[in-house]
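Report on the structure given below.
Chain A is the first sequence line, chain B the second, and so forth, proteins listed ahead of strands; every chain is numbered from 1.
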Amino acid sequence: VGIVGNTQLKTFGVVYDLGKSMVGFSPGAC
Amino acid sequence: AGDAATASHVMLRLEDIFPDSSSSSCETPPQDHEHAASSSSSSSSSHTRMTVVHRHGPCSHLSTADTQHRKPPPSHEDILAADQNRVKSIQHRVAATTSRAGKQPSFPTTSSSVKLPASSGLALGTGNYVATVGIGTPATRQTVVVDTGSDTTWVQCRPCVASCYAQREALFDPARSSTYSNVSCAAAACSDLDVRGCSAGHCLYGVQYGDGSFSVGFFAMDTLSLSSYDSIKGFKFGCGESNDGLFGEASGLLGLGRGKTSLPMQAYAKYGGVFSHCLPARPTSTGYLNFGPTSPPPATQTTPMLTTNGPTFYYVGMTGIHVAGRLLPIPPSVFSSSSSGGGGGGTIVDSGTVITRLPPAAYAALRSAFVAAMAARGYRRAAAAAALLDTCYDFSGMGGVVAIPKVVLLFQGGAYLDVDASGIMYAVRPPSQVCLGFAANDGDGD
């Protein structure tokens, strides 16, 4: 497996929705 | 020149991206917890927002308390070494899940005294971001590592029957909480643990990693406060009596994985199985950890969560990489040839891993394109490698202005992650040693 680590996730809002089985990325969230 | 805007990040001030955190103060002090009713009309769930900070930055409680006798923060080499241990741990767990050959630690089963395994563990390297929760009644503040790569929340507990590492805050003392209770061995919740034991009727939990680090203790219930206004009664967590690993001086770990014991799963009815986080670009800034549905920003990109790949982890399907606006020639099979087979290996999104790991062929293509794009901008590799980071630059004398090529990660469903400038390069010793912040797995099948 590959792994997306926290360095590359910086400033993105990362949303995890277990019900919808979905991961989302929102740029510039913080 | 025409595509410069889409091909480069122009950093006008190098120190804005790679600050010297040791000499900085917190620019955005952690706010009091926020709480609001959900805007969703179809649900009665609420949402709660917590502040997330860099564990070793000036916004962290762990760095602002008395520092007179404290150890200095780890070097970047230490962090990267710990990160490699974590990745080995994840690969180990994925392999163990796939082969169903995972080794389970043993526990006493009938002893009236608690005899817990205690051995020196190697570093887990649980990433760099922490949040503060309250546990018990009255609530005691505990700053814990934010970890989407594991399930069970735990904190170190008095009396530390076997051993505890040094932590910054006071140890959680179950005897001082009016709402604390141990989970019984017969309780269904005890069966939810991946690794469990029983002592005098009390359920024991074990979180043990492939690298040898661990937390072991009583599986317990108490009130978990996520904000001043919001709490989860009867939250099940580990009351750690034997803990070791590189957790810094954090009090424990907040398990945000997909397993039954994780916070999102325990609080599914309350928050609808939805949470989000934002990790700040700089140690001097703050991010957030949000539970419950909120209206996503318009620019949100979504990709399917590959739930059949295995437990705990959040798998997504990576499909490609752009560097400087150009799609790299990486065959799709490179991203799906792992040992898990079947529907492909997938890619884990893990808040506790520092450096993104790619299949070797994908990393080779990324590195080659990145080096070429940097050369086109006049930058030559002139700095030594730093642990697993093999592509490093010396930006000394650049006048604080550099332009680095954009890197975009592509996912199934058309989602993409246009990596922020702060996430493309990792500043080991800015400005003289700044490295491409990606690394390769050891093998194609990892």
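Summarising the geometry, atom CE belonging to A:M22 is positioned 8.0 Å from atom OG1 belonging to B:T300; distances are rounded to the nearest 0.5 Å.
In terms of heavy atoms, B:G352 sits closest to A:N6 at C-ND2, 4.2 Å. The two residues B:G287 and A:C30 have their closest heavy-atom pair at CA-SG, 4.1 Å. Minimum interatomic distance between A:P27 and B:A299 (heavy atoms only, all atoms of both residues): CD-O, 3.7 Å. Scanning both residues, B:Y426 and A:T7, for their nearest heavy atoms gives CD1-OG1, 3.9 Å. Pairing each heavy atom of A:G13 with each of B:Y288, the nearest pair is CA-OH, 3.9 Å. A:A29 and B:C278 get closest at one heavy-atom pair: C-SG, 3.6 Å.
B:N441 touches chain A through its side chain: at least one heavy atom from C-beta onward sits under 4.5 Å away, while N, CA, C and O do not. Contact annotation for B:V316: only side-chain heavy atoms (C-beta onward) come within less than 4.5 Å of a heavy atom of chain A. Using a 4.5 Å cut-off between heavy atoms, B:Y268 touches chain A through its side chain atoms alone. Of the atoms belonging to B:T148, it is side-chain heavy atoms, and not backbone ones, that fall under 4.5 Å from chain A. Residue B:Y363: no heavy atom, backbone or side chain, is found under 4.5 Å from chain A. Heavy atoms closer than 4.5 Å to chain A are found in both the backbone and the side chain of B:T303. For a residue to count as touching a neighbouring chain, one of its non-hydrogen atoms must lie under 4.5 Å from one of that chain's; by this rule B:I90 touches chain A with the side chain only. Looking at B:F275, the atoms closer than 4.5 Å to chain A (heavy atoms on both sides) sit in the backbone and in the side chain alike.
Each of B:R357, B:M318, B:Q91 was checked for a side-chain contact (heavy atoms from CB on, under 4.5 Å) with A:V1, and the lone residue meeting it is B:Q91.
Side-chain atoms of A:Q8 never come within 3.5 Å of backbone atoms of B:V419 as a donor-acceptor pair (strictly under, hydrogens ignored). In terms of modelled atom types and a separation under 3.5 Å, the side chain of B:T356 and the main chain of A:G5 share a donor-acceptor contact.
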| Derivation and outcome, side chain to side chain contact (heavy atoms under 4.5 Å, CB included), residues A:F12 and B:Q301 | CA-CA 11 Å; A:F12 276 82; B:Q301 307 278 329; over 6 Å; no
| query | Where do B:Y314 and A:L18 land on the side chain to side chain contact (heavy atoms under 4.5 Å, CB included) test, with the steps shown first? | reply | CA-CA 10 Å; B:Y314 294 98; A:L18 289 161; 3.9 Å; yes
| query | Stepwise, does the side chain to side chain contact (heavy atoms under 4.5 Å, CB included) test hold for B:V87 with A:I3? | reply | CA-CA 8 Å; B:V87 168; A:I3 303 172; 4.0 Å; yes
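Taking the six-membered ring for Trp and the full ring otherwise, the centers of B:Y416 and A:F25 sit at least 6.0 Å from each other.
Applying the side-chain hydrogen bond (donor to acceptor under 3.5 Å, both in side chains) test to residues at least two apart or on different chains, the pairs with a partner in residues 14-23 of chain A are A:Y16-B:H277.
Between chain A and the options B:T307, B:V407, B:L358, B:T302, heavy-atom pairs under 4.5 Å are most frequent for B:T302. Heavy-atom pairs under 4.5 Å with chain A were tallied for B:D350, B:V349, B:L417; the largest tally goes to B:L417. For the options B:D418, B:V52, B:N290, B:L409, heavy-atom pairs under 4.5 Å to chain A are most numerous at B:D418. If you tally non-hydrogen atom pairs under 4.5 Å between each of B:P298, B:A439, B:P264, B:P280 and chain A, the highest count goes to B:P280.
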